[in-house]
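Shown next, in structure tokens, is the structure this report addresses.
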Amino acid sequence: MHVSNGARLPVAAGVVSAVVGLSMVACSETTSDNGVNETRVPKSENNGNSQAANIMITRGRYLATIGACEACHTPPEVPQNPPDPSDKKQIARERNFRTDPDWVKYLDHDRPNAGGVPFVIRLSKDSNAVVYSRNITPDNETGIGSWSEDDIVKALRTGVTKNGRVLFMFPPHSFYPNLADDDAYALARYLKSLKPVRHEIPDRVLPFDPQPAKSDPPEKAPSSRDPKRADYLLSALVGCTECHSHHEGGNLKKFVGGDPKDATTGVFRFGPDLPLRVHERGLATFPYPGYAVFYADNLTKFGVGGPQSKTSVKKIMRAFREGVSPEPDEYGRPSPLNHIMLWQFYSRMSDDDSYAIARLIKKLRYEPHEVPRSPIYFGEDWRAAFEQVFGEPPSGNDAKIFGKNP
């Protein structure tokens, strides 16, 4: 839930939620996996009934969990200042943070959703921006404590804050304008119930003024029994389209995977330069031992007429809930997916929602598109990794914003 404008731009640092498709997935009108009845509840004006309020908070917690809000809004668990050169133990610990592919380990779970994660955005070879995930805990001074639920929902959908400032919104926020009333208010109610965390967030650096998003959402999200359920999830909440697509000729080629022609959608940068503090810069979207580039897979191959059309719905569900590839390795063994797939959060997705998404993937019509075999490894050559993504060598400005010497 990193609230920040609708431009589709290459995010070059931070634990992204954008290009990984962090999602705000709704739950169904049924009993969830944890046994809670997910009954639809009216929005904020109807909050006198404590039982109804608790149900709403529970559903909001579900949305926030499988939506992976904490992935972008939780700062890393490091001291405010870099370790002293003599502190070998802390230096080693931070090195592990920057190179362990299981990046969830470094989140500061004592400060969930407190914000401050930096995102370095390359606008061109001569222009860049930096935005920071906001503090979405109900702290009155540094968070959203003074915001009403209506204020939160308005910011989610349009990017306009309580004081009228327009936030910079990139995916997944670019599809929150379609978030149904009942889901949006459940999420707002949950955020208001969190423990307040005081955390000052630096101001963004943007060379333009963001514009509000337009929003005309439905009142209620489709239920799990509605055939429109999966369409709603992917248009309003879940980032399958954002990650597994690319732009070509100004059009979005949905679900066919990433492509080297598009540096903003379907491509991920790996590297050891993950910024752990707000003043740091780095190439990495995720930590990785050495530099690498990964392109999202073509999901239509699991659909009608695709080479993997016989893959079961169960295996597709297992992929995004457990991080196990639906395709075996060369020896026929199960193989793990890269940690880009947020299975640590999707693992709590209800059976109904998981099934709806997997069934939609199975119904896609196959579109041939060869995705580069990934990851592509570059060792310590960050320039080569940069050129693979952006299609040109890094400029002096690029080197500066990515924390390198020009």
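Hydrogens, waters and symmetry mates play no part in the numbers below; they use all other heavy atoms, side chains included.
- Pairing each heavy atom of Ala319 with each of Met341, the nearest pair is O-CG, 4.1 Å.
- Nearest approach of Arg383 to Pro394, heavy atoms of both residues: NH1-CG, 3.5 Å.
- Residues Asp126 and Ser124 have side chains that never bring a donor and an acceptor to within less than 3.5 angstrom of each other.
- The two residues Ala180 and Tyr232 come nearest to each other via the heavy atoms N-OH, 3.0 Å.
- Between the side chains of Asp273 and Tyr291, at least one donor N or O sits under 3.5 Å from an acceptor N or O.
- For NZ of Lys261, the number of neighbouring non-hydrogen atoms (other residues, nucleotides, ligands) closer than 6.0 Å is greater than 12.
- Val166 is not listed as a side-chain neighbour of Asp209, based on a closest heavy-atom distance of 4.5 Å or more.
- In this structure, Ala129 and Leu206 approach most closely via the heavy-atom pair CB-CD2, 3.5 Å.
- With rounding to the nearest 0.5 angstrom, the CG atom of Asp183 is 10.0 Å from the OH atom of Tyr62.
- No more than 12 heavy-atom neighbours from other residues, nucleotides or ligands sit within 6.0 angstrom of NZ on Lys254.
- The distance from the CH2 atom of Trp147 to the NZ atom of Lys192 is 10.0 Å, given to the nearest 0.5 Å.
- A donor-acceptor pair shorter than 3.5 Å cannot be found between the side chains of Asp150 and Ser148.
- Look at Lys228 and Asp226 and you find no salt bridge, because none of the NZ, NE, NH1 or NH2 atoms lies under 4.0 Å from a carboxylate O.
- For the residue pair Asp262 and His247, a side-chain donor N or O sits within less than 3.5 Å of a side-chain acceptor on the partner.
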Stepwise, does the side-chain contact (heavy atoms from CB on, under 4.5 Å) test hold for Trp343 with Leu337?
CA-CA 9 Å; Trp343 62 266; Leu337 292 171; 5.7 Å; no
Check step by step if side-chain contact (heavy atoms from CB on, under 4.5 Å) holds for Phe320 and Met349.
CA-CA 9 Å; Phe320 59 79; Met349 188 182 293; 3.8 Å; yes
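- The pair Arg157-Asp181 meets the salt-bridge criterion, since a charged nitrogen lies less than 4.0 angstrom from a carboxylate oxygen.
- Separating the NZ atom in Lys253 from the OG1 atom in Thr300 is a distance of 10.0 Å, to the nearest 0.5 Å.
- Under a 4.0 Å N-O distance rule, the pair Glu141/Arg198 qualifies as a salt bridge.
- You'll find the side chain of Glu322 stays beyond 4.5 Å of the side chain of Pro334, heavy atoms only.
- Of all non-hydrogen atoms in Pro372 and Gly258, the two that sit nearest each other are CD-O, 4.3 Å.
- For the atom pair Asp398 CG and Glu387 CD, the distance stands at 11.0 Å (nearest 0.5 Å).
- Side-chain contact of Asn135 with Thr142: a donor-acceptor pair under 3.5 Å is present, judged by distance alone.
- You'll find the side chain of Phe302 stays beyond 4.5 Å of the side chain of Lys315, heavy atoms only.
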Dump the intermediate steps for side chain to side chain donor-acceptor pair (under 3.5 Å) on Asn163 and Thr161, then the final yes or no.
CA-CA 5 Å; Asn163 63 8; Thr161 68; 2.4 Å; yes
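- Side-chain N/O atoms of Asp351 and Ser354 include no donor and acceptor closer than 3.5 Å.
- The side-chain heavy atoms of Val130 and Arg281, taken from C-beta on, include a pair separated by under 4.5 Å.
- Using a 4.5 Å heavy-atom cutoff, the side chains of Pro82 and Arg277 are in contact.
- Side-chain contact between Leu123 and Phe208 is present, with at least one heavy-atom pair separated by less than 4.5 Å.
- Residues His246 and Val256 meet the side-chain proximity criterion, which asks for heavy atoms closer than 4.5 Å.
- The side chain to side chain contact (heavy atoms under 4.5 Å, CB included) test with Pro138 is passed by exactly one of Ser193, Pro196, Ser146: Pro196.
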May I have the step-by-step check of side-chain contact (heavy atoms from CB on, under 4.5 Å) for Thr241 and Leu252, ending in yes or no?
CA-CA 9 Å; Thr241 308; Leu252 184 65; 3.9 Å; yes
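- Contact check on Glu94 versus Arg98 returns a salt bridge, with a Lys/Arg side-chain nitrogen under 4.0 Å from an Asp/Glu carboxylate oxygen.
- Atom NE2 of His244 is separated from atom CG of Leu364 by 11.0 Å, given to the nearest 0.5 angstrom.
- Scanning all heavy atoms of the two residues, the minimum distance from Thr74 to Asn113 falls at OG1-N, 3.0 Å.
- Rounding to the nearest 0.5 Å gives a distance of 6.0 Å between CD1 of Ile201 and CZ of Arg134.
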side-chain contact (heavy atoms from CB on, under 4.5 Å) between His109 and Glu77, worked out:
CA-CA 8 Å; His109 297 292; Glu77 188 183 6; 5.9 Å; no
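- Counting heavy atoms from C-beta outward, Lys404 and Phe386 have side chains that stay 4.5 Å or more apart.
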